[in-house]
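To start, the structure itself, in structure tokens.
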Amino acid sequence: MLNITTFLDANASRLDKDVFYCPSRNIKYNSKQILSIISEIGRILKEKGIEKGDRVLIYLDNSPEYLFSLFAIWRIGAIAIPTNRILTAEELKYMIGNSEAKLIITDENANDILEELTIDSYIIKDCDKFKEAEVLSAELTDWDDLCQLQYTSGTTGKPKGSMLTHGNWFTAIHNSCDVLTLKEDDVFLGIYPMAHVGISWAISALRAGALYIMMEFFEIEKYLNLCKEEKVTVLTGMPPVIHTLTNMDEKEKLKTVREIVSGGGPLHKKIWKEFHNKYQIPIINAYGLSETIVIGTGTVIRPEDYKTADRFESVGHPVCFSELKIVDINDSNKKLELYEQGEVALRGPAIAKGYWKMEDATKEVFLEDGWFLTGDIGYIDDDGRLFITDRKKDMIVMSGWKIYPTEVEETLIKYDKLKEIAVFSIDHPHRGEIPVAAVVWEDEEDKEGLIEFAKKYLARYKVPREIYTLAELPRVNGWKLLRRELREMFNK
């Protein structure tokens with residue numbers, strides 16, 4: 001039997017130290033207090049009728065309550081659905097309907113959103129008063145029992161719920177601890193959204209008994225000051241953050257940092273090399289997906305790889321328990337040789353069980369022999385390192401946010417002044433790439449109206465940054481949209 005939250009029981013019985021710090025509130029928690037808090041939240045959820053296997057949404061800002069809610073849901077054997085606070089009511093309605101969720105955990109600031117939803121709610125507040133609550137025994141769950149639906153935007157226009165299990169999370173936590181060589185005296189500064197599986201790095205810090213410092217909102221000066229004041233040893237970043245640091249000289253504030261994590265999007269060679277030359281801090285350049293709990297089954301560059309990873313391009317070797325191969329784009333049964341480019345396939349114990357209520361989509365990428373087709377294009381060199389070179393589909397990655405053009409298009413085409421729309425990416429020096437749209441209007445142009453419509457029905461990061469007016473969209477034989485041609489047209 002395995003319930004992933006039981007590592008908290010072990011730590012609570014042996015550690016007498018703070019393991020979680022929220023600087024904005026100046027509050028610290030030890031393992032016993034965290035265990036008590038999640039136990040009481042778990043009791044409240046049970047009182048509200050939540051049972052093992054029920055789905056529960058979390059709709060909160062980055063906060064201690066978010067983390068505690070996630071653990072509480074797992075503790076009672078229910079299934080968490082982490083959502084980002086910037087999602088609109090329309091986007092939440094789909095997830096609620098698809099998952100048949102019974103409850104949403106949120107706060108008093110979400111009253112306007114709740115009025116548009118037909119679901120019971122738990123308004124969470126004053127969790128600190130639960131610090132001395134009696135411990136609730138963990139629900140009996142097994143390796144393959146679901147504990148999370150991680151919704152990812154789909155190329156078909158509908159988000160897909162990756163079915164993650166207690167065993168998947170066990171593997172992910174193990175591998176993150178292993179890759180970062182986390183110890184009890186480490187100080188870990190986290191910036192990843194709690195709605196994203198990147199929170200696995202932070203949970204791993206808690207598992208190791210390190211001090212996890214949570215930033216609710218990223219601000220570079222606060223980030224740097226916390227590094228100095230708290231003597232941070234392990235730092236999370238992403239390409240835009242690393243890019244910003246290369247344009248600064250903050251060696252003094254970063255002098256205790258022994259490694260920094262990068263993920264969520266491609267780290268360009270130039271930026272990586274500049275950062276390395278300036279700070280001499282190894283970048284843990286990781287590759288994984290929501291379906292693999294990031295590094296649960298994935299690849300990584302570790303500090304010891306820097307002797308040979310001088311090209312500053314690879315996402316590294318497979319982590320523990322992971323298998324990697326490159327397959328033909330049109331025939332997944334055909335394994336390619338070294339340096340041949342094809343689709344990246346991963347296999348290992350952190351691979352999701354499939355997509356919730358999407359049998360066809362599951363069969364398409366979760367193969368019967370356990371391999372998962374990532375949709376990314378790459379190759380393996382003669383040292384066994386993976387290099388990502390392209391994306392099989394047209395996903396846009398902006399500062400780690402994944403945006404699927406079809407989803408955005410299907411929302412915006414409902415704007416009554418639009419005739420046609422194509423969403424694509426253009427390069428951006430800081431964010432990597434940004435979403436933009438080429439549109440054909442029914443009659444008169446109305447860019448401002450379209451942007452306001454987009455802000456109403458889409459999360460902010462999905463809203464196109466620019467609108468380009470065209471007489472017609474480029475297509476093959478009048479039907480297949482040529483996004484590549486649009487990118488070439490407007491990438492100047």
Side-chain angles (χ1 to χ4, degrees), residues 1-5 50-59 69-84 87 91-92 94-105 139-176 194-200 203 288-298 321-323 345-375 402 404 407:
M1 305 303 291
L2 170 70
N3 183 303
I4 197 62
T5 67
I50 301 302
E51 301 176 347
K52 181 179 180 180
D54 286 341
R55 277 75 66 198
V56 179
L57 267 82
I58 308 174
Y59 185 63
S69 296
L70 185 68
F71 281 144
I73 294 167
W74 291 350
R75 187 76 174 181
I76 65 173
I79 300 169
I81 305 174
T83 66
N84 197 299
L87 294 183
E91 290 167 316
L92 291 173
Y94 169 76
M95 294 181 186
I96 292 168
N98 178 257
S99 67
E100 297 179 339
K102 289 181 66 174
L103 186 78
I104 183 170
I105 300 177
E139 181 72 30
L140 289 178
T141 52
D142 213 335
W143 180 280
D144 287 326
D145 284 343
L146 294 187
C147 66
Q148 187 162 325
L149 293 183
Q150 186 70 37
Y151 276 89
T152 63
S153 295
T155 54
T156 60
K158 293 296 184 183
K160 298 173 290 188
S162 298
M163 297 188 289
L164 305 176
T165 70
H166 285 266
N168 293 155
W169 269 98
F170 174 88
T171 308
I173 292 172
H174 175 282
N175 280 339
S176 296
M194 290 192 173
H196 188 271
V197 287
I199 192 63
S200 58
I203 294 175
L289 303 92
S290 295
E291 293 90 339
T292 70
I293 315 185
V294 190
I295 206 169
T297 295
F321 317 122
S322 294
E323 296 178 77
L346 296 169
R347 183 166 66 180
I351 299 291
K353 293 180 74 172
Y355 297 124
W356 179 266
K357 291 188 176 180
M358 290 188 175
E359 187 174 343
D360 291 342
T362 295
K363 288 181 178 178
E364 189 177 327
V365 296
F366 293 91
L367 307 185
E368 291 185 358
D369 57 0
W371 287 100
F372 169 65
L373 303 179
T374 65
K402 294 183 178 180
Y404 285 86
E407 179 192 7

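These figures come from a predicted structure and were not determined experimentally.
Side-chain N or O atoms of Thr141 include one that pairs as donor or acceptor with a backbone N or O of Leu2 at under 3.5 Å.
Ile351 has its side chain within reach of Thr292: a pair of non-hydrogen atoms, C-beta onward, lies under 4.5 Å apart. Between Ile76 and Lys52 the shortest side-chain heavy-atom distance does not fall below 4.5 Å. Between Met95 and Leu87 there is a side-chain heavy-atom pair separated by less than 4.5 Å. Between Gln148 and Ile293 the shortest side-chain heavy-atom distance does not fall below 4.5 Å. Counting heavy atoms from C-beta on, the side chains of Ser200 and Ile295 never come closer than 4.5 Å. Using a 4.5 Å heavy-atom cutoff, the side chains of Pro349 and Thr297 are in contact.
A salt bridge (Lys or Arg N to Asp or Glu O under 4.0 Å) check over residues 362-371, counting only residues at least two apart or in different chains, returns the pairs Glu359-Lys363.
Note on ring orientation: taking the six-membered ring where Trp is involved, the planes of Tyr151 and Tyr94 are perpendicular (angle over 60°, cut-offs 30° and 60°). Using bins of under 30°, 30° to 60° and over 60° for the plane-to-plane angle, the ring pair Phe366/Tyr355 lands in the perpendicular bin.
Taking CD1 of Ile173 as the start and CD1 of Ile4 as the end, the distance is 4.0 Å to the nearest 0.5 Å. Remark: Leu346 CG to Trp371 CH2 distance equals 7.5 Å, nearest 0.5 Å. We find the CD1-CD1 distance between Ile73 and Ile105 to be 4.0 Å, quoted to the nearest 0.5 Å. Atom CD of residue Glu139 and atom CD of residue Glu51 lie 9.5 Å apart, to the nearest 0.5 angstrom. Atom CD1 in Ile58 sits 5.0 Å away from atom CG in Leu70 (nearest 0.5 Å). Atoms CD1 and CG, on Ile81 and Leu103 in that order, are 10.5 Å from each other to the nearest 0.5 Å.
Test Asp54, Leu146, Asp145 against Ile79 for side chain to side chain contact (heavy atoms under 4.5 Å, CB included) and you get one pass: Leu146.
The two residues Gln150 and Leu164 come nearest to each other via the heavy atoms CB-CD1, 3.9 Å. Of all the heavy atoms in Gly296 and Ser322, the pair that sits closest is O-OG, 3.9 Å. Shown here for Asn3 and Thr5, the closest heavy-atom pair between the two residues is OD1-OG1, 2.7 Å. Heavy atoms only, all atoms of each residue included: Arg347 and Gly370 are closest at CG-O, 3.4 Å. Ala80 approaches Trp74 most closely through the heavy-atom pair CB-NE1, 4.0 Å. The two residues Pro159 and Met358 make their nearest non-hydrogen contact at O-CE, 3.4 Å.
A 6.0 Å sphere centred on CZ of Phe170 holds no more than 12 heavy atoms belonging to other residues, nucleotides or ligands.
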